[in-house]
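Data first, discussion second: the structure below is written as structure tokens.
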Amino acid sequence: TAIAQVLDSLNLAYTVSDVLTEAMMQYRAVLICNGTYQTSVSITDAEVDLLEDYMNQGGNVYRESFYRWDGIGTLTRLFGIDAVNLSSPQAFSMVYGLDNAGFAGLAMEHVATVSIMLNRLIGMYPTAFPVLRTNLGDDAYAAVAYDALQYRSIGSVVEFGALAPDDFQ
């Protein structure tokens, strides 16, 4: 995957798992790739509980998923994310970094088979803020970072592997 290629290029050790287990407690950060659009994989309620324990003990998490950013339940609360539904699905082709988050100047082509947004992500708390947006508009937020007291997180509707490979060189 694209994330594994980046971690390998940085000589970072990592473990890949299809499920969230207690083993993640030994890591400073966890990257969760739930997939997007037609390939989404659900997180079980038990995994959400385990993830909450991990984060409350100082674990940092990146999660990409097209689903479950609706502002309802533990998962969205942990990431400090709410969502505003769009009136209809909208196609996008570019992802841009926002100036407020150290992502200024990033501009990446999104080359997924299906590149649509059903909602835009917004921060639920004062320390949750957008870091990426799409070409659908200045407020078409696609990723939100959250600086909680015990942990940091980023939640995204953009699949890392769908960003044009040349953008990472």
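A continuous path of ILVMFWY side-chain contacts below 4.5 Å connects M25 to V61, so both sit in one hydrophobic cluster. Cluster annotation: Y96 is not connected to F92 through the hydrophobic network of ILVMFWY side chains, with a link wherever side-chain heavy atoms come within less than 4.5 Å. Under a hydrophobic-cluster definition in which Ile, Leu, Val, Met, Phe, Trp and Tyr are linked whenever side-chain heavy atoms come within less than 4.5 Å, directly or via other members, L31 and V16 are assigned to the same cluster. Linking Ile, Leu, Val, Met, Phe, Trp and Tyr residues whenever their side-chain heavy atoms come within less than 4.5 Å places I154 and V6 in a single cluster. Grouping the Ile, Leu, Val, Met, Phe, Trp and Tyr side chains by contacts below 4.5 angstrom, directly or via other members, places M55 with I43.
R63 and N34 form a side-chain donor-acceptor contact under 3.5 Å, judged by distance and modelled atom types alone.
Atoms OH and CD1, on Y62 and I32 in that order, are 11.0 Å from each other to the nearest 0.5 Å. Separating the OH atom in Y125 from the OG1 atom in T127 is a distance of 9.0 Å, to the nearest 0.5 Å. With rounding to the nearest 0.5 Å, the separation of CD1 in I3 from CD in E64 is 4.5 Å. Distance CG/D53 to CD/Q57: 6.0 Å, rounded to 0.5 Å. Atom CG of L163 and atom NE2 of H110 lie 5.5 Å apart (nearest 0.5 Å). In this structure, OG on S87 lies 12.0 Å from CG on N119, to the nearest 0.5 angstrom.
Between V84 and I122 there is a side-chain heavy-atom pair separated by less than 4.5 Å. Considering only heavy atoms from C-beta on, L121 comes within 4.5 Å of V157 through its side chain. The shortest side-chain heavy-atom distance between R133 and L98 falls under the 4.5 Å cut-off. Contact annotation: the side chain of V48 never approaches that of T44 to less than 4.5 Å [non-hydrogen atoms, C-beta and beyond]. Side-chain contact between Y54 and Y151 is absent, with no heavy-atom pair separated by less than 4.5 Å. Looking at heavy atoms from C-beta onward, M108 lies out of side-chain contact with V158 at the 4.5 angstrom threshold. Within the 4.5 Å cutoff, no side-chain heavy atoms of E47 are placed close to those of L51.
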Side chain to side chain contact (heavy atoms under 4.5 Å, CB included) assessment of R120 paired with N85: CA-CA 7 Å; R120 66 181 174 96; N85 291 329; over 6 Å; no
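Among all heavy-atom pairs drawn from P89 and I116, the shortest one is CB-CD1, 4.3 Å.
Listed by chain and number, the residues in a side chain to side chain donor-acceptor pair (under 3.5 Å) with D8 are Y14 (sequence neighbours excluded).
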Under 3.5 Å donor-acceptor pairs involving side-chain atoms of residues 135-148, not counting sequence neighbours:
{"unit_1": "N135", "atom_1": "OD1", "unit_2": "S93", "atom_2": "N", "d": "2.8"}
{"unit_1": "N135", "atom_1": "OD1", "unit_2": "M94", "atom_2": "N", "d": "2.9"}
{"unit_1": "D147", "atom_1": "OD1", "unit_2": "R152", "atom_2": "NE", "d": "3.4"}

